[in-house]
Each structure stands twice: as structure tokens, then as C-alpha cells.
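Structure first, then comments.
As the structure is a prediction and not an experimental result, all values here were calculated from the model.
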Amino acid sequence: MRAESDDAAVDPADEPERPRRFSLSTRVTLLAAICVAGAVALVSLGAYLTVRSNLYGQAQQNLLNEAYGAVASATVNPHCGISVSLPSNNNFNDVRISIIDGSGEPMGLCGSAFTYTVPQSLIGQAQKQIATQASQASDAPGDAWIENDNVVAAVGFPGADYALVAAQPLTNETAILNRLSLVLFLISGAGVVVAALAGTAVATGGLRPVARLTAATERVATGDLRPIPVTGDDELARLGRSFNTMLGALAESQEQQRRLVADAGHELRTPLTSLRTNLELLVAASQPHAPTLSPQD
């Protein structure tokens, strides 16, 4: 009863099915594709961040320079407030300008070149601090930032408690970065595909000796001990030569077994023939009317 229960406990049909693993060639292909994808992703990310940093830095510097120029050329108009101007350049057509005091409150601004003022959401503590510092500085303090997809520059008026704030959307920079992202994505995808194809070719060519070894092993099971062709001097080639050496030793062992059986049969043939003759003689002597044999015979 215990034996029956043990057999039932280890019934292979009751064992859970093991998950199938990928073949070696598939794993080599996946490894090559993953490695290239990781490398291309890192290079693409580095290139994107570098271009993004340069574009944003250039946009900040350009707007800050224009803000400094506007402050230097600003004049006070008793009727409407402060009059400022930027160069008639298409790159600055979408610039918004405001004059703020140390508390962030907007001041009067003359001129029709700037229809829209800087939104209050883009005026923070940093811009207010520039205006506060300007009243105690002989030179115009200034700085630039990236805020809410806009480049914002603030330059204080020396000796006065107010500052000029300019804001410009990063429309051109965003368009350039979007095109760059698309190009990098396409290049990365092409690199992964090429890596997968290369990995497949390498795996197929590199594993061909393994396929020959597998076929030879299957032939050995049927008694075919012919050696397999081996080329090269790498690890797989040495494995193939070792396998051929094993096949040679196995063939020699089989040949020795055949010779042993043949020699044993030859050595046993004479005594068996003599024994058979004696048995036939005894059978014949036991027949009626047959000559009798002496006890010595």
C-alpha cells in the first residue's frame, strides 16, 4: 500500500508544467537588442539634454541682453510712465514686458509695441528681489529663468526700486526639441532593429557547431559513430574535436567487444563440438542392438 501511495505521489502527470525557456539563439538576439537599445537610449538622452540646455541657455542669454538694452535706453514719460523699446526683430515679436516695483506691482508702461504684459504667474520672488536690489546698486542687476515653458528675464533700474521683466514663450525651442526627439526615436528604433538582425546572424552562425554536435549525438544513439567536421580553433571547435575523440574511443571500445565475442566463440567452438560428439555417441550407444561401451569409455 505504501509503495502504491508513493507512486501516486510522484506521478509526473500531477507535476506542474515548467515554463518554457527561450532558445539560446533567441536569448542572444534579445541580449544584443537590449544592450544596443540601452546604449542608444543613453546617447539619445545625452544628446537631447545637451541640445535642450544649449537652446534654453541661448534663449535666456538673448532675452537678458535685450532686457539690458531696453533698460539702458528707457526714458520716463510724465504722461504714461516709463517708455522702453526692443529692436524690431522677428525673434522678439512675441515678447511681453512689464515694469514692477519691489512688491511685484506693475507700473506704468508707455508704447504700443507691447500689447500684452507679463502674466502675474511668471512674476515671483526672484523678479521682486531684482527690483529691490536695484535701488541699492550702481549697476543694473539682472538674471534669467525658465518658468512654465517661458524664458523670463528681469533687469533692475539702477538707483530705482523697480525692474523690467520680459517673458517670451519657448515656441521655437520646443519645436526644435520635438523634431530632435522624433529623429532620435527613429534612429534608436533603427539601431535596435539592426542589433536584433546582427544578433540573429551571430547566434545562427555561432551555434551551427552546436547544432552539428546535437545531430551527432542523435546519430550515436542509433549506432552511427562517424566523426563530425570541425573547423576553426575557438571553444566550440575544441569541443567538436573532443567529441570526435570520444566517438573514436567509443568506436574502438565497440570493436574490442566484437573481437572479444569472436575470440570467445572460436575458443568455445572446439570443446562444444567434442561435447556434442560425445553426447551423440552416448545416445547412439543407448539404442537397441547398438554396440556397448566399456565403463572406461
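Residues meeting the ring pair (Phe, Tyr, Trp, His ring centres under 6.0 Å) test with Y56, sequence neighbours left out: none.
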- Query: Can L55 and L177 be said to form a side chain to side chain contact (heavy atoms under 4.5 Å, CB included), step by step?
  - Reply: CA-CA 9 Å; L55 285 176; L177 291 176; 3.9 Å; yes
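Side-chain atoms of N62 and Q58 include a donor-acceptor pair closer than 3.5 Å.
V165 is listed as a side-chain neighbour of V152, based on a closest heavy-atom distance under 4.5 Å. Taking the side chain as every heavy atom from C-beta outward, W145 and V151 never approach each other to under 4.5 Å.
When all heavy atoms of G199 and A32 are compared, the pair lying nearest together is CA-CB, 4.1 Å. Listed here is the closest heavy atom pair of Q133 and P141: OE1-CB, 4.2 Å. Scanning both residues, I99 and Y162, for their nearest heavy atoms gives CG2-CD1, 3.9 Å. The minimum heavy-atom distance between V118 and S98, with the atom names listed, is N-OG, 2.9 Å. Residues S188 and S44 approach most closely at OG-OG, 3.2 Å, considering heavy atoms. Nearest approach of F157 to L164, heavy atoms of both residues: CE1-N, 3.7 Å.
Follow the hydrophobic side-chain contacts under 4.5 Å out from L250 and you reach M246 in the same cluster. A continuous path of ILVMFWY side-chain contacts below 4.5 Å connects L45 to I176, so both sit in one hydrophobic cluster. There is a path of hydrophobic side-chain contacts, each under 4.5 Å, that joins L49 to I146. Side-chain heavy atoms closer than 4.5 Å link hydrophobic residues (I, L, V, M, F, W, Y) into clusters, and following such links, even through other members, never connects V40 to L180. The hydrophobic clustering, which links ILVMFWY residues whose side-chain heavy atoms are closer than 4.5 Å, places Y48 and V51 together.
Between the CD atom of E105 and the NZ atom of K128 there is a distance of 8.0 Å, given to the nearest 0.5 Å. Atom CZ in R96 sits 8.0 Å away from atom CG in L122 (nearest 0.5 Å). For the atom pair I100 CD1 and Q120 CD, the distance stands at 8.0 Å (nearest 0.5 Å). Taking CG of L170 as the start and CD of Q60 as the end, the distance is 8.5 Å to the nearest 0.5 Å. Rounded to the nearest 0.5 angstrom, L247 CG and E252 CD are separated by 13.0 Å. Here the CD-OG1 distance, from Q127 to T132, works out to 11.5 Å after rounding to the nearest 0.5 Å.
Under a cut-off of 6.0 angstrom, the local environment of CZ in R276 is sparse, with at most 12 non-hydrogen atoms contributed by other residues, nucleotides or ligands. The environment of CG in N178 is crowded: more than 12 heavy-atom neighbours from other residues, nucleotides or ligands sit within 6.0 Å.
A donor-acceptor contact shorter than 3.5 Å is absent between the side chain of N65 and the backbone of L63. Judged by distance alone, the side chain of N148 and the main-chain N or O of N150 form no donor-acceptor pair under 3.5 Å.
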